[in-house]
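To start, the structure itself, in structure tokens.
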Amino acid sequence: MNSRTDLAPAVESILAAARERADETSDRSPLSVDARPLSGAIRRAEADGRVPVIAEVKPTSPTAEGSREDDPVELAEAMVDGGATAISVLTEPTHFGGSPEALTRIRNAVDVPVLRKDFVLDESGLDVVEADLVLVIVRFVDDLEGLIEAAKRRGFQPLVEVHDPEELEVALDAGAEIIGVNNRDLARLEVDLETFELVAPEAPDDVTLIAESGVSTPADVRRMREAGADALLVGSAIMDHGEGETDVGENTRRLTRAGTQLDERENDDRSTEI
Ligand SMILES: O=C(O)c1ccccc1NCC(=O)[C@H](O)[C@H](O)COP(=O)(O)O
């Protein structure tokens, strides 16, 4: 791991659980994945006038106010119906309420790319479940180049997560092509959209850049797009873990339409009604 210091206790606990699970999966044979390309899905969203949003099935989390027990497949289908470009599935069981089985069910039910969101520490952690993309967090991996190569060899598209310009450089040197800038600081678990605005200008144009975490309103979507996000990864605002259990399809639609012609037409209609 790059830096063992300065992590929130919840993140330390997530990593301890990930190490235990890594021991259980160390003898699996390598997977071979026929992945749905994220680039094509992003292009299709742009052509349709939708903001490319990767909507996350996230039953709970260390920072969520509650949990949602809905069927993950129904959640994912509603997200796609709301215009999601891809689905992210938390497979971490202990702190996020996810499972590899839920990911497989979702991937069989939808036709968009599916990201496995977990805390993969080494090559054997890749061989848990087939997905189109797999998350690799720069901060938690010793041999980043080796892990990115191993993921690509299996057919996965690695989404390499960074939090600052130094980690961006490490990711680029290791061959990352899809980069997620996490607005959530893993030391304090606070989110700050300025993180993406600080890191994005340092990224070369040929990288697919994803703004992760803390995006909750159409204004946030517009802000991240203006800062150069090719796509946005959104969990909490779509899942809405509070007591209301709102419609995840509608929550997704509100963000996929942000700043598009459809959004402007709705705003115009609203102002005429007033
Ligand atoms: O979401 C958390 O509480 C969390 C805590 C500790 C480590 C990671 C955490 N989240 C993982 C993620 O990357 C997010 O689920 C994802 O970026 C979506 O974020 P958001 O839209 O803010 O739910």
Side-chain angles (χ1 to χ4, degrees), residues 1 3 6-19 51-68 72 75-76 79 82 84-99 102-103 114-121 131 133-141 158-164 167 178-196 199 209-221 223-224 229-242 246 248 251-252 254-256 258:
M1 195 179 319
S3 164
D6 203 19
L7 286 176
V11 178
E12 292 283 11
S13 168
I14 290 167
L15 288 175
R19 277 183 220 109
V51 175
V53 169
I54 304 173
E56 186 159 274
V57 176
K58 179 179 184 179
T60 189
S61 84
T63 57
E65 282 169 17
S67 64
R68 286 192 73 148
L75 289 172
M79 290 167 179
T85 289
I87 300 293
S88 164
V89 183
L90 255 315
T91 53
E92 203 277 354
T94 321
H95 302 79
F96 294 88
S99 71
L103 184 147
V114 176
L115 162 69
R116 176 177 172 220
K117 200 90 189 313
D118 209 321
F119 298 81
V120 174
L121 304 177
L133 298 118
V134 65
L135 181 74
V136 172
I137 304 175
V138 167
R139 184 166 186 173
F140 299 152
V141 175
L159 163 56
V160 183
E161 180 178 299
V162 305
H163 182 65
D164 57 35
E167 288 185 357
I178 306 175
I179 294 190
V181 180
N182 197 348
N183 289 312
R184 180 171 285 108
D185 168 7
L186 296 177
R188 284 176 295 279
L189 295 186
E190 287 163 3
V191 284
D192 182 350
L193 299 187
E194 240 179 67
T195 307
F196 184 83
V199 177
L209 212 50
I210 299 174
E212 298 179 11
S213 304
V215 173
S216 53
T217 64
D220 293 340
V221 170
R223 180 172 164 187
M224 294 293 92
D230 295 303
L232 311 159
L233 174 62
V234 186
S236 310
I238 290 177
M239 291 295 290
D240 194 9
H241 300 100
T246 51
V248 297
N251 297 343
T252 308
R254 204 164 43 94
L255 302 179
T256 58

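The first residue of the sequence shown is numbered 1, and numbering continues consecutively from there. As the structure is a prediction and not an experimental result, all values here were calculated from the model. For ligands, and for the atoms within them, numbers begin at 1 and follow the listed sequence.
- Side chain of Thr256 to backbone of Gly82: a donor-acceptor contact under 3.5 angstrom is found.
- Taking Phe96 as the reference, Phe119 meet the ring pair (Phe, Tyr, Trp, His ring centres under 6.0 Å) condition, with sequence neighbours excluded.
- A donor-acceptor pair is defined here as one N or O able to donate and one able to accept, closer than 3.5 Å; no such pair exists between the side chain of Asn251 and the backbone of Met239.
- Within the 3.5 Å criterion, the main-chain N or O of Arg184 finds a donor-acceptor partner in the side chain of Asn182.
- Listed by chain and number, residues touching ligand 1 at under 4.0 Å (heavy atoms only) are Val11, Ile14, Glu56, Lys58, Ser61, Pro62, Thr63, Phe96, Lys117, Asn182, Arg184, Leu186, Leu189, Glu212, Ser213, Gly214, Leu233, Val234, Gly235, Ser236.
- Side chain of His241 to backbone of Lys58: a donor-acceptor contact under 3.5 angstrom is found.
- With hydrogens and angles ignored, the 3.5 Å screen pairs no side-chain donor or acceptor of Asp185 with any backbone N or O of Glu190.
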